[in-house]
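Input: a single structure, listed below in structure tokens.
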Amino acid sequence: MLAQRTALFKSSGTAAARAAAKAAADAGKEIVDLTAGEIWSSLAPNVRDGAIEAIQKGINRYTDTIGLAELREALARKVSLDTGQLWQPDEIAVTSGAKQALFNAAMTLLNPGDEVIIPSPYWTTFPAQVMIAGATPVFVETRSNGYVPRIEDIKAAVTERTRAIVINTPANPTGAVYDVQTLVAISELAVNRNFWIIFDECYGDFVHGRRTHHPIVSLVPEVRSHTVIINAFSKSLALTGWRIGYLAAPKDVVIAVKALQSHTTSNPNVIAQHAVLAHLRRDDGVYQANLRSQLASARQIGLGVLASLKRVPVPEAQGGFYFYLDLSELLKKSATGDAETADEVVNALLSEAGVAAVSGTAFGDPSGLRLSYGIPPQMLEAGLSRLVEFLNAWK
Ligand code: PLP
């Protein structure tokens with residue numbers, strides 16, 4: 001007999017898509033996997049050296065629950081540089097990836113019955129964690145506005161119970177990069193109506209074209225007392241498996257997070273902490289610059305192939321490393337009036353064209369399709385070419 005809470009969540013839709021791709025590959029099919037929420041890349045040299053040095057020194061003990069003091073100092077310097085404001089180590093908590101940072105925020109900020117505004121399509125874990133914390137997600141539609149919420153729509157969603165809004169820019173899955181005006185308006189609303197901004201900038205290093213990523217507190221300093229910044233090295237250093245993330249927040253939030261984390265996971269892996277610390281101390285920016293140019297070139301290759309789509313608009317892909325397709329023109333209504341969903345496209349795409357993608361249903365959007373371009377260029381080109389041929393022939 002399971003707890004009632006288990007009815008609030010199921011395994012993440014992106015993980016399920018990855019598993020389906022792997023099952024097809026294990027069965028001997030030649031699959032191009034465009035489901036990954038991570039970047040294909042070699043290990044950053046400073047991270048590798050930092051880990052080896054820590055192992056050679058025989059480091060094996062617990063650290064402070066919310067991270068090594070030196071790492072929190074280095075992160076305070078990083079956040080200060082990112083935001084243009086001074087941050088102290090006691091405003092930083094190191095976590096096992098951004099996911100734990102978000103979970104800590106949900107568990108320390110939300111009461112049962114609270115409402116949390118989440119722009120939709122959304123990364124699937126946002127509403128799951130809100131519900132685990134006993135609060136209720138309130139979705140705000142964004143597709144009709146280039147995947148950035150309209151401030152009027154956010155205002156209309158605010159109630160007495162609104163406790164937080166989740167802002168993820170650049171956004172997973174849509175790639176939208178929020179503009180200054182929207183971020184300033186959200187900040188003013190949060191301050192005036194007294195709610196939190198959970199600001200997830202995990203993809204902040206990857207913005208394309210003429211877009212710029214704006215940490216929200218750098219635009220409106222007063223919003224800092226209402227903001228929890230969430231970040232990680234999972235995407236920016238292609239370190240998904242190492243599980244180092246962090247949050248930056250007012251001290252009382254960090255104290256509560258520390259108490260919570262002391263009863264859940266304790267400190268993130270000590271070797272991974274030393275590895276990231278070595279990177280932050282020795283960083284010359286070369287590894288990240290290479291990663292950014294690898295993704296910029298993959299994006300160009302991908303957009304070139306997707307330009308041949310006939311009934312699906314070519315995505316803007318402003319940030320992150322995803323192409324997010326809007327299939328609404330393609331999906332038909334059946335005789336019973338039920339619309340097809342992207343699930344059907346995804347299933348047929350995998351079985352007929354050998355291309356794995358993530359259906360928008362995982363993101364609360366039955367007509368979306370997410371394609372990752374963090375994979376080797378030849379594979380990307382082959383996979384997208386098959387996808388274009390498949391979608392152009394969709395009846
Ligand atoms: N936030 C967003 C928007 C993500 O897309 C992801 C991972 O896909 C995470 C957080 C979690 O990152 P981590 O692997 O550091 O837990």
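Numbering of ligands and ligand atoms starts at 1, following listing order.
- Qualifying ring pair (Phe, Tyr, Trp, His ring centres under 6.0 Å) partners for Y246, counting only residues two or more places apart in sequence or in other chains: F233.
- Ring orientation note: the planes of Y373 and H208 are tilted relative to one another, at an angle of 30° to 60°.
- Listed by chain and number, the residues in a side-chain hydrogen bond (donor to acceptor under 3.5 Å, both in side chains) with K29 amount to none (sequence neighbours excluded).
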Between the protein and ligand 1, are there any N or O atom pairs that come within less than 3.5 Å of each other, and if so, what are their names and distances?
from	atom 1	to	atom 2	distance (Å)
ligand 1	1 (N)	D200	OD2	2.6
ligand 1	5 (O)	N172	ND2	2.7
ligand 1	5 (O)	Y203	OH	2.7
ligand 1	8 (O)	K235	NZ	2.7
ligand 1	14 (O)	S234	OG	3.3
ligand 1	14 (O)	R243	NH1	2.8
ligand 1	15 (O)	A98	N	2.8
ligand 1	15 (O)	S234	OG	2.5
ligand 1	16 (O)	A98	N	3.1
ligand 1	16 (O)	K99	N	2.9
ligand 1	16 (O)	R243	NH2	2.8

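- Legend: residues meeting side-chain contact (heavy atoms from CB on, under 4.5 Å) with A256, ordered by chain and number and at least two apart, are T108.
- The aromatic rings of H226 and W196 lie tilted to each other, with the angle between the two planes from 30° to 60°.
- Just one residue in the list K258, R72, R224, K251 forms a salt bridge (charged side-chain N to carboxylate O under 4.0 Å, His left out) with E91, and that residue is R224.
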